Amino acid sequence: MFRKIALLMLLTICFVPAVWADDEPVPAENSEAVAEEVVENVEAVEAEEQDPVVIRENALNQKEAELEELSASLSEREASLVQREKEFASRAATLAVESRKISGTNAVLLGRETQVNEREKEIMAREAGLARREMAFAQESQKFTEASSILAGREADLAKREAELATREAELNAKISAKEEADKLTAREADLVKREAALTEREDTTNRLNTLEAELNEKDTALKAREEAVASRESAVNEQEQKLSEATKEVSDHEAELAKKETELTARENDLNAKNEKLDTDTSALTAREAALINREAEASRKAAEVAEMETLIKELPAFDPNSSTEAAMILTYPLPAARRRELIAMQREAYTRYSSNRITQALEAYGEAADAEPQVNYLAAYWAALSASRLNNRRTDALNWVNRALEINPDYRPAQELKRRLETPARPATNQQRRRTTR
């Protein structure tokens with residue numbers, strides 16, 4: 001206020017001499033314009049004096065608006081992050097289901113491949129039998145060819161002899177004269193006797209040839225029957241080969257479908273990995289508050305998964321006491337992370353599978369590996385290793401070492417105590433009745 005008054009007085013001092021120096025009076029309109037200009041100048045001066053405060057207030061307001069926008073964007077990003085986590089979990093579950101389906105199809109394909117291999121072995125055996133029979137057929141055919149060539153040679157010799165006989169008859173007829181009719185008749189009779197003998201021999205030869213031809217015809221019929229049998233077997237083999245090719249084609253088609261599905265799954269997995277990397281990038285780009293929130297949610301979900309897994313395993317198995325139970329669920333009581341406990345449970349179940357199938361040596365190795373994986377806490381694997389060693393010959397010392405190791409971890413474990421008493425008790429000699437039973 002004082003500044004305004006001072007400015008008005010200064011302006012009055014500046015403008016009044018100029019007005020008084022002029023001869024002409026100042027119009028009312030001009031005086032009003034001068035007053036308004038003075039007032040505007042005063043307001044401009046006041047605005048210049050108040051600019052820093054206004055600027056700071058405007059800046060604060062702008063920062064508040066930016067903070068509100070930032071908080072809104074953060075909330076939106078949190079919502080999108082939660083949505084992406086849900087989508088990633090659903091896709092991971094889908095991928096697990098598809099992997100289980102693929103493992104089932106792999107088992108089916110392995111079974112079919114085994115069947116195909118067995119069929120191939122049968123077909124190879126049948127082909128070997130057919131090859132042997134074809135060799136025998138070729139030998140018989142060669143014998144038939146040799147017999148036919150011999151018969152043709154004999155027929156050629158007979159025809160040659162007949163031609164010679166006709167030639168001799170013509171010569172004799174030409175030499176006979178009228179004077180030697182008696183000699184001619186005698187010679188002709190002799191020739192006729194020879195001719196009759198030759199004809200008789202020819203008839204005998206013809207009969208033998210007919211017999212041989214009948215035998216050859218019979219062999220030919222048998223060979224034709226064998227050829228028909230071989231042809232039928234060849235057709236059966238061809239049908240089996242066609243079925244085998246069809247089965248091989250089906251297996252190849254299944255393998256192609258499986259490869260296609262694996263490619264699709266790989267692409268989906270790559271997409272999920274890319275999205276997961278992008279999600280990790282977005283998560284790392286968030287503020288400290290977002291990171292803390294994500295860590296808390298991950299910790300809560302992990303703990304919920306551990307609790308759910310423990311509840312599921314406990315529901316599947318009957319109630320147990322850590323000091324008396326021999327079930328794999330007892331590993332849940334170990335002071336270890338959930339992932340490590342799951343690994344120990346898987347190792348325990350694998351070893352028990354070998355133990356239950358009477359592969360005691362392999363079971364002992366598997367239980368030993370499980371016990372060595374966590375030697376400070378895994379007394380259940382040490383007990384089962386002792387139990388496995390006790391079933392083997394000359395492994396009593398190993399069994400005692402394993403059971404002592406289990407009792408070092410948990411001295412109150414009753415199955416290990418009972419097994420130790422049984423191992424330390426000397427074997428009683430068999431009675432006569434037991435001996436008689438064993439001899440029977």
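For the numbers below, each heavy atom of this structure counts, side chains included, while hydrogens, waters and symmetry mates do not. In this chain, numbering begins with 1 at the start of the sequence shown. Owing to the predicted nature of the structure, the values given are computational and were not obtained by experimental measurement.
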Dump the intermediate steps for side chain to side chain contact (heavy atoms under 4.5 Å, CB included) on Arg391 and Asn358, then the final yes or no.
CA-CA 10 Å; Arg391 292 184 60 181; Asn358 289 327; 3.4 Å; yes

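- Looking at Glu350 and Arg354, a side-chain N of the basic residue comes within less than 4.0 Å of a carboxylate O on the acidic one, giving a salt bridge.
- Atom CZ of Arg195 sits in a sparse spot, with 12 or fewer heavy atoms from other residues, nucleotides or ligands closer than 6.0 Å.
- A salt bridge links Asp398 with Arg395: the closest approach of a Lys/Arg side-chain nitrogen to an acidic carboxylate oxygen falls below 4.0 angstrom.
- The minimum heavy-atom distance between Ala351 and Ala363, with the atom names listed, is O-CB, 3.8 Å.
- A donor-acceptor pair shorter than 3.5 Å cannot be found between the side chains of Arg77 and Ser80.
- Summarising the local packing, CZ of Arg414 is surrounded by more than 12 heavy atoms from other residues, nucleotides or ligands at distances under 6.0 Å.
- Between Ser390 and Ala399, the shortest heavy-atom distance links the atoms N-CB, 3.8 Å.
- Of the inter-residue distances, the one linking Glu213 atom CD with Leu209 atom CG reads 8.0 Å to the nearest 0.5 angstrom.
- For the pair Gln417 (side chain) and Pro411 (backbone), a donor-acceptor distance under 3.5 Å is present.
- Looking at heavy atoms from C-beta onward, Lys261 lies out of side-chain contact with Lys101 at the 4.5 angstrom threshold.
- The CD1 atom of Ile331 sits 8.5 Å away from the CZ atom of Arg349 when rounded to the nearest 0.5 Å.
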Does Lys121 form a side chain to side chain contact (heavy atoms under 4.5 Å, CB included) with Glu118? I'd like the steps, not just the answer.
CA-CA 5 Å; Lys121 290 179 181 178; Glu118 292 177 355; 5.6 Å; no

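- Shown here for Ala386 and Leu419, the closest heavy-atom pair between the two residues is CB-CD2, 3.8 Å.
- Other residues, nucleotides and ligands contribute only 12 or fewer heavy atoms inside 6.0 Å of the CD atom of Gln376.
- A salt bridge links Arg340 and Glu374; the closest N-O separation between the charged side-chain nitrogens and carboxylate oxygens is under 4.0 Å.
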Worked verdict on Asn270 versus Asn273 for side chain to side chain contact (heavy atoms under 4.5 Å, CB included):
CA-CA 5 Å; Asn270 292 329; Asn273 291 329; 4.3 Å; yes

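- Of the inter-residue distances, the one linking Thr114 atom OG1 with Arg112 atom CZ reads 12.0 Å to the nearest 0.5 angstrom.
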Chi angles and distances behind the side-chain hydrogen bond (donor to acceptor under 3.5 Å, both in side chains) call for Arg208, Thr205:
CA-CA 5 Å; Arg208 287 196 299 271; Thr205 304; 3.3 Å; yes

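- Judged as a ring pair (Phe, Tyr, Trp, His ring centres under 6.0 Å), the pairs with a partner in residues 359-382 (not counting sequence neighbours) are, in order, Tyr334-Tyr379, Tyr367-Trp384, Tyr379-Tyr413.
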Would Glu269 and Arg91 satisfy salt bridge (Lys or Arg N to Asp or Glu O under 4.0 Å), going step by step from the backbone distance to the final call?
CA-CA 9 Å; Glu269 187 175 2; Arg91 290 177 181 176; over 6 Å; no

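- Glu239 contributes atom CD, which lies 7.5 Å from atom CD of Gln242 (distance to the nearest 0.5 angstrom).
- Across all non-hydrogen atoms, the minimal contact from Thr333 to Pro322 is CG2-CG, 4.0 Å.
- One distance of note links CG of Leu60 with CD1 of Ile55; it measures 12.0 Å at 0.5 Å rounding.
- Closest approach of Pro415 to Ser324, counting heavy atoms only: CG-O, 3.4 Å.
- Here NZ of Lys219 is found 10.5 Å from CZ of Arg226. Values are rounded to the nearest 0.5 Å.
- Shown here is Asn61, whose CG atom has more than 12 heavy atoms of other residues, nucleotides or ligands within 6.0 Å.
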Steps toward side chain to side chain contact (heavy atoms under 4.5 Å, CB included) verdict (Tyr355, Leu387):
CA-CA 10 Å; Tyr355 182 85; Leu387 192 62; 3.7 Å; yes

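- More than 12 heavy-atom neighbours from other residues, nucleotides or ligands sit within 6.0 angstrom of CD on Glu127.
- Scanning both residues, Ala328 and Leu380, for their nearest heavy atoms gives CA-CD2, 4.0 Å.
- Side chain of Ser356 to main chain of Thr353: a donor-acceptor pair is present (N/O by atom type, distance under 3.5 Å, no hydrogens or angles).
- The closest donor-acceptor contact from the side chain of Asn378 to the backbone of Asp372 lies at 3.5 Å or more, if one exists at all.
- Judged by distance alone, the side chain of Arg341 and the main-chain N or O of Leu332 form a donor-acceptor pair under 3.5 Å.
- Side-chain atoms of Thr263 and Lys260, non-hydrogen and from C-beta on, never get closer than 4.5 Å to each other.
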